[in-house]
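Written out below as structure tokens is the structure these notes cover.
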Amino acid sequence: MTSAVGLRTHRSGELGEANIGDEVTLCGWVAKRRDHGGVAFIDLRDASGVVQVVIHDEAVAHPLRSEFCLRVTGTVTRRPDGNDNPNLPTGTIEVEATTVEVLNEAAPLPFPIEEHEATQISDEVRYKYRYLDLRRAESAQTIRLRSAVNNAARTVLLGDGFVEVETPTLTRSTPEGARDFVVPARLQPGSWYALPQSPQLFKQLLMLVGLDRYFQTARCYRDEDFRADRQPEFTQLDIEMSFVVEDDVIALGERIVSALWALIGYEIPLPIGRITYAEAMRRYGSDKPDLRFGVELVDCTEYFAGTSFGVFQAAHVGAVVMPGGASQTRKVLDGWQDWAKARGAKGLAYVLVGDDGELKGPVAKNLSETEVAGLADHCGAQPGDCIFFGAGTERSVKALLGAARLEIGKRCELIDESAWAFTWVVDAPLFEPTSETDDVAVGAGAWTAVHHAFTSPKPEHLDTFDTDPGSALAYAYDIVCNGNEIGGGSIRIHRRDVQERVFEVMGLTPDEAEEKFGFLLEAFKYGAPPHGGIAFGWDRICALLSGASSIREVIAFPKTGGGFDPLTSAPAPITDAQRKEAGVDFVPEPTSTTAS
RNA sequence: GGUCCCGUGGUGCAGUUUGGAGUGCACGCCGGCCUGUCAAGCCGGAGGUCGCGGGUUCAAAUCCCGUCGGGACCGCCA
């Protein structure tokens, strides 16, 4: 790899003892200046690393400041005895400067770039000056890793004959899913483009094209509230294949994921295990279980079937055991109640198992003798443990206890932070009731797709999914890593009649379906092949690989929680002229009132 | 839409519980000294409307209300 071009002959970090005696010209930034008055040392940083430059002319060295951009010519020399710096890859050599050219001065920095300790600069400041933040080796490394991640996936896919296709980012608003970002259409006032939430429909059309295998690093947009792992715009590695079954897509997914984790020196044991959605929910209370630790949920519905304790007279009662939890103070146990309330639960019932096996706590007093006698055994609790209970609908209990399980994992330090636990979650339900909450159901019999409307039912449910939507399973698969969903996909519906029946279950009339997906239904008329695919959450994967706590760290110019770009101050008002031209304020004729 | 935490010179913090003069620490910045440092060292200096608004009080960084910004979470995210 040649790195010597243009204004320089070498790059700082690539110099070594082999260069001793060479005259070199380097370009870079002043990472540190140590001026002894007579001799001064400059740590010169460029993309490749840092090398120490020695300047003996005080008049030259004195004006230099942090982050000045320099061009330095000098001779590479062995450092004097005893002056090696073992912390620096170039620590045995230095460059004796003969000329130092200041290419550009730098203003005093808004925050320290070169830090000696891990003092955390606030995200707000770092992202406002992201171009300075990314000068820091640690920050820059995540961006470089992301490039390597792209390259590794691309290598796998191109080697398999995949075709990379760019799909539109100005497209049509489609129902279902998240809120769209919309863009006014100047030439058709009152009409709007939508930014894609995913290239889903286009990639299916590409299968109709006969491309056979497609991929794209696709930017996606969803106008929902943000989180540490959610940005308004994000990236998916989007993949679709023709004439495949579930196992083919899963096999490809495993090869990609293996190639990615190989970048950080981890070999994923293949094949990655599979767990059904039902089993994941039953054992872990989650469709994206963190398998780095045990602690499984226990079903107590039968156990408390005849209980006289009102709280446990519920459709579903579950439990999860906190190892050693019996020693928690009353204050900590009260904290769990607040924790549960923050999640919309009434509280978190608990029973403490004493060292002598005796059950303690307010709940224990309400249980019958027989209930008390077998409870620890039923839940698998040992003396000294704490058993947490949830009671209510199965869905709410699983959600609460699943979250409690994760919290237990954290508090009891059961999670091996260096571990990687992958699993496929398969056989998710095809539909779920539109309103499966503890509230009164809104429209009875209304179903919505768990994945999306184009997911095929499993072959064995193809005939019955519309007569028995509740038990139909989807031909879908999610890949989960350490409790994070890092990818998901499905075998799609390729038959128009099946697609129409799915729309019907979802309550979409033929007219509505025609209006919203007419182009897709039309396309399905012309020999649509069986196909399926997967999309990986690229930001999340990069964050996992780089150990970042937020996907913001792996995005070059991220936004804050409010969707605000601290660097450009977007979004921002536009001028009246722009408003007029864009047709933003166009008021449609009141022809129909179908707003909903 | 909801819950919780945070906001103090350029940066990171302490000070807030129990009101008493903008008090302190580390880094950075400016000036000076210094020929082997690498978190260089030593001496001196500058820099603040304690996010903003209102209230309570003789007195508010501190207590109360509101608001803005940031962060975490719930709802939401096919």
Which nucleotide sits closest to the side chain of [X]: [options]?
X	options	answer
Val125(A)	U11(B), U37(B), C30(B)	U11(B)
Arg65(A)	C77(B), C30(B), G10(B)	C30(B)
His56(A)	G70(B), U35(B), G12(B)	U35(B)
Arg343(A)	G10(B), A72(B), C74(B)	C74(B)
Glu58(A)	U37(B), A72(B), C34(B)	C34(B)

Checking only heavy atoms, does the side chain of [X] share a donor-acceptor pair with the base of [N] at less than 3.5 Å?
X	N	answer
Arg79(A)	C38(B)	yes
Arg227(A)	G75(B)	yes
Glu224(A)	G75(B)	no
Arg230(A)	C77(B)	yes
Arg34(A)	C34(B)	no

Item checked: Stacked pair Phe111(A)-U11(B), distance under 5.5 Å, angle under 30° ->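 Answer is no, no stack.
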
Next item on the list: Kindly state whether the pair His36(A) / G36(B) counts as stacked, where counting means centroids closer than 5.5 Å and planes tilted less than 30° apart.
Entry: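 Stacking is absent between G36(B) and His36(A), given that the ring centres and planes do not meet under 5.5 Å and under 30°.
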
Separation of [N] [atom2] from [X] [atom1] (nearest whole Å):
X	N	atom1	atom2	result
Glu124(A)	U11(B)	CD	P	10 Å
Lys128(A)	G69(B)	NZ	P	15 Å
Lys341(A)	G75(B)	NZ	P	18 Å
Glu114(A)	G10(B)	CD	C1'	17 Å
Arg136(A)	U11(B)	CZ	C1'	11 Å
Asn85(A)	A40(B)	CG	C1'	12 Å
Glu407(A)	C74(B)	CD	C1'	14 Å
Asn83(A)	A40(B)	CG	C1'	12 Å

Is there a donor-acceptor contact under 3.5 Å linking the side chains of [X] and [Y]?
X	Y	result
His56(A)	Glu96(A)	yes
Arg34(A)	Gln52(A)	yes
Trp336(A)	Glu407(A)	no

Across all strands, who's sitting opposite [N] as a Watson-Crick or G-U wobble pair, both distances under 3.5 Å?
N	answer
A59(B)	none
U67(B)	G51(B)
A26(B)	U11(B)
A72(B)	U3(B)

Notebook entry, point to check: Under 6.0 Å between ring centres, would you say that holds for His36(A) and Phe41(A)?
Noted result: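 For His36(A) and Phe41(A), the ring centres are under 6.0 Å apart.
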
Next item on the list: May I ask you to check whether Phe517(A) and Phe503(A) place their ring centers less than 6.0 Å from one another?
Entry: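 Judged by ring-centre distance (under 6.0 Å), Phe517(A) and Phe503(A) do meet the cut-off.
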
[M] and [N], which share atom name [atom1], separated by this distance in whole Å:
N	M	atom1	answer
G48(B)	G22(B)	P	15 Å
G12(B)	U8(B)	P	8 Å
C6(B)	U16(B)	C1'	13 Å
A61(B)	A46(B)	P	23 Å
C58(B)	G19(B)	C1'	12 Å
G1(B)	U67(B)	P	12 Å
G24(B)	G47(B)	P	14 Å
A21(B)	C38(B)	P	41 Å

Check: Would Glu94(A) and Arg78(A) count as a salt bridge (charged side-chain N to carboxylate O under 4.0 Å, His left out) if you check the C-alpha gap in whole Å, the side-chain angles of each, and the deciding distance to 0.1 Å?
Finding: CA-CA 7 Å; Glu94(A) 59 194 10; Arg78(A) 185 74 179 75; over 6 Å; no

Using a cut-off of 4.0 Å on non-hydrogen atoms, how would the nucleic acid contact of [X] be classed: base, sugar-phosphate, or nothing?
X	result
Asp338(A)	nothing
Gly561(A)	sugar-phosphate
Glu485(A)	nothing
Ser198(A)	base
Glu233(A)	nothing
Ala228(A)	sugar-phosphate
Pro110(A)	sugar-phosphate
Asp57(A)	nothing

For [N], take OP1 and OP2 only and decide whether either is under 4.0 Å from a side-chain N or O of [X].
X	N	value
Arg552(A)	A72(B)	yes
Lys32(A)	A40(B)	yes
Asn87(A)	C38(B)	no

Note to self: Could you go through Lys288(A) and Asp478(A), starting from their C-alpha distance and side-chain angles, then the distance that decides it, and tell me whether this counts as salt bridge (charged side-chain N to carboxylate O under 4.0 Å, His left out)?
What the structure shows: CA-CA 8 Å; Lys288(A) 45 179 181 176; Asp478(A) 286 349; over 6 Å; no

Notebook entry, point to check: Which residue lies toward the 5' end of RNA chain B, Gly562(A) or Gln52(A), if each is placed at its nearest nucleotide?
Noted result: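 The 5'-side residue here is Gln52(A).
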
Margin query: On RNA chain B, compare the nucleotides closest to Ser122(A) and Val54(A); which residue's is nearer the 5' end?
Written below: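 The residue mapped nearer the 5' terminus is Ser122(A).
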
Next item on the list: Could you walk me through whether Arg230(A) and Glu224(A) pass salt bridge (charged side-chain N to carboxylate O under 4.0 Å, His left out), step by step?
Entry: CA-CA 9 Å; Arg230(A) 249 195 267 156; Glu224(A) 296 293 341; over 6 Å; no

Next item on the list: For the residue pair Val498(A) and Pro457(A), establish whether any side-chain heavy-atom pair is separated by less than 4.5 Å.
Entry: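 Val498(A) vs Pro457(A): side chains touch.
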
